[in-house]
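Remarks on the structure that follows.
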Number of protein chains: 2
Amino acid sequence: MKNGGFHSGRRSCFVIDRLSKKDRHQRLIQLIDENPFVTDRELTRQLKVSIQTIRLDRMELGIPELRERMKQMAEHSYDQVRSLSLEEVIGDVVDLQLDKSGISIFEIREEHVFSKTRIARGHYVFAQANSLAVAVINDEIALTSSADIRFLRQVHLGEKCIAKAYVRSIPGQKGKAKVEVFTYVADEMVFQGNFVIYRSTGE
Amino acid sequence: MKNGGFHSGRRSCFVIDRLSKKDRHQRLIQLIDENPFVTDRELTRQLKVSIQTIRLDRMELGIPELRERMKQMAEHSYDQVRSLSLEEVIGDVVDLQLDKSGISIFEIREEHVFSKTRIARGHYVFAQANSLAVAVINDEIALTSSADIRFLRQVHLGEKCIAKAYVRSIPGQKGKAKVEVFTYVADEMVFQGNFVIYRSTGE
DNA sequence: CAAATATTAGAACCTGGTACTAAAATAAAG
DNA sequence: CTTTATTTTAGTACCAGGTTCTAATATTTG
């Protein structure tokens, strides 16, 4: 053995000594998590064990090699970019009757909440309602003109928001539509909004 | 030569013949753009040229090898995830006087606009204002209670939104603060919002 | 036709591994 | 204190997907 104390470290009676297998595994997971772009060779320096040990460890832990990790990240981001650019609406629209009504579902995930309180940031709840209000209008161009909104209670991590939109056309004005949106978690109303949507009819 | 017509295609008098160098370059760019995970070997099949030609072409066009492409995508997505999870606020807060006022800047990028019209989705403009309204409140917990908003004109791709927030405390109610936000592009006001923010004072 | 350009072939080498065999070192059990 | 089991290290052959370099053919152009 190369490392360890002067008398080639028996037990762990020396300060700078190898970690136990279990500890090393934990550290390995941590290191790769912190920097997924680390090579096995770099890991040998950090963990003071041979490259074979690193590779055995990765096997046991089911951690793929660097190139495979990068490939997976690349594929993931590729999919994400594709789906994001398709995401014309925040939340899944499950029902849509153009110029009448619509329903969308949106689940509050980690990225939508304040990390401290785990309460959803208002603009995500608004975004779901706004997207739905725009989607429900049967027009080439539909833009939010103004809105009057109310957050009735906090929405927490993991909760499913069901937004229901109803189109109430404004009789006098042709280029504008009024859309009412109510968002529920289970039976409880958490958000209420009155949107005035600009539409491009007759242009 | 291996491909081409029966008499080993002189000129381009045969139908199934190699493309010109220029056309091949265009096709190569297109193929890699469509599927960045394609190997050189797969490209030889598509373009009917040798692997050396593919590699020369990539050189000339400055297209890196598959592994480098994957690495770049992986790094890009890693950075994005990191910055997204750190993004406590939409827009850069450039000035903040707690319980008084604040300014944030937010540039409209591709991902914020309707692909058809290149006009910003309302909820991004709202999100900037909402984030700023919450940030300007000097409290552990600050949540949007209600808002009254107006989109004064469309914001386009590439425009920089400068949001200014002013706290107007509500004298009667202790747990609520009123925040006015005005968003400008250059000198033009594009958005106006009155937010009522719930605050946790004295709790 | 000759000269210039484009294409192909092939060998050596690189990174970051896998798969496998085998020998040490260390720990645990009898 | 041995013997056995586990853990760690060493070393070789091999792989994908390349780069880099030299050299030989095609093909096009003047």
Side-chain angles (χ1 to χ4, degrees), chain A residues 1-14 16-28 31-32 35-75, chain B residues 1-14 16-28 31-32 35-75:
Chain A
M1 92 182 267
K2 280 177 180 171
N3 341 62
F6 297 133
H7 291 115
S8 59
R10 54 174 102 147
R11 299 280 164 88
S12 28
C13 54
F14 285 83
I16 306 158
D17 212 354
R18 289 203 242 71
L19 298 91
S20 77
K21 195 174 177 178
K22 219 172 177 180
D23 289 347
R24 179 156 40 76
H25 278 194
Q26 284 309 307
R27 187 97 186 88
L28 187 76
L31 283 169
I32 292 177
N35 175 21
F37 298 95
V38 70
T39 62
D40 287 358
R41 194 156 300 282
E42 275 172 44
L43 288 167
T44 62
R45 285 166 211 143
Q46 307 261 336
L47 296 174
K48 309 282 183 198
V49 287
S50 72
I51 203 156
Q52 282 79 358
T53 304
I54 299 287
R55 286 167 180 173
L56 270 171
D57 287 357
R58 271 201 300 100
M59 288 243 173
E60 285 180 47
L61 294 167
I63 298 169
E65 61 168 296
L66 168 59
R67 285 167 174 170
E68 190 53 37
R69 295 197 301 267
M70 292 199 301
K71 191 184 174 188
Q72 283 174 15
M73 291 177 73
E75 280 171 342
Chain B
M1 106 180 252
K2 280 177 181 170
N3 340 62
F6 297 132
H7 291 114
S8 60
R10 54 175 103 145
R11 299 282 165 88
S12 27
C13 53
F14 285 83
I16 307 156
D17 212 352
R18 291 202 239 69
L19 298 88
S20 76
K21 195 174 179 178
K22 218 173 179 180
D23 289 347
R24 179 155 41 76
H25 279 193
Q26 284 308 308
R27 186 98 184 89
L28 187 77
L31 284 168
I32 293 177
N35 175 22
F37 299 96
V38 71
T39 62
D40 287 359
R41 196 154 299 284
E42 275 173 42
L43 288 167
T44 62
R45 285 167 211 141
Q46 307 261 336
L47 296 174
K48 309 283 183 197
V49 287
S50 72
I51 203 157
Q52 282 81 357
T53 303
I54 299 286
R55 284 166 181 173
L56 270 171
D57 286 356
R58 272 200 300 99
M59 290 243 173
E60 285 180 46
L61 295 168
I63 298 170
E65 62 167 298
L66 167 60
R67 283 165 175 172
E68 190 54 36
R69 295 196 301 267
M70 293 199 301
K71 191 183 175 188
Q72 284 175 13
M73 291 176 74
E75 279 172 341

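Letters go in sequence order (proteins before strands), and every chain restarts at 1.
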Please write out each protein N/O paired with an N/O of nucleotides 11-14 of chain D under 3.5 Å, distance rounded to 0.1 Å.
residue: D:dG11; atom: N7; partner: A:Gln52; partner atom: NE2; Å: 3.1

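In this structure, CD1 of B:Ile54 is placed 15 Å from P of D:dG17, rounded to the nearest angstrom. The CD1 atom of B:Ile51 sits 7 Å away from the P atom of D:dG18 (whole-angstrom rounding). When the C1' atom of D:dA16 is taken as reference, atom CZ of B:Arg55 falls 10 Å away, rounded to whole Å. The nearest whole Å value for the distance from the CD1 atom in B:Ile32 to the P atom in D:dG17 is 14 Å. One interatomic measurement links the two molecules: NZ of A:Lys71 to C1' of C:dG17, which rounds to 14 Å at whole-angstrom precision. Atoms NZ (A:Lys48) and P (D:dT9) sit 13 Å apart, rounded to a whole Å. With rounding to whole Å, B:Leu47 atom CG is found 11 Å from C:dT8 atom P.
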Open item on the list: Applying side-chain contact (heavy atoms from CB on, under 4.5 Å) to B:Phe37 and B:Met73, what does each step give before you reach the verdict?
Closed with: CA-CA 11 Å; B:Phe37 299 96; B:Met73 291 176 74; 4.0 Å; yes

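Looking at residues 36-46 of chain A, you'll see that no heavy atom sits under 4.0 Å from any atom of DNA chain D. For the segment residues 56-69 of chain A, the set of residues with a heavy atom within less than 4.0 Å of an atom of DNA chain C comprises A:Arg58, A:Met59, A:Glu65, A:Leu66, A:Arg67, in numerical order.
Applying the 4.0 Å criterion to OP1 and OP2 of C:dT7, one finds that B:Ser50 has every side-chain N and O outside that range.
The side-chain heavy atoms of B:Val38 and B:Leu66, taken from C-beta on, include no pair separated by under 4.5 Å.
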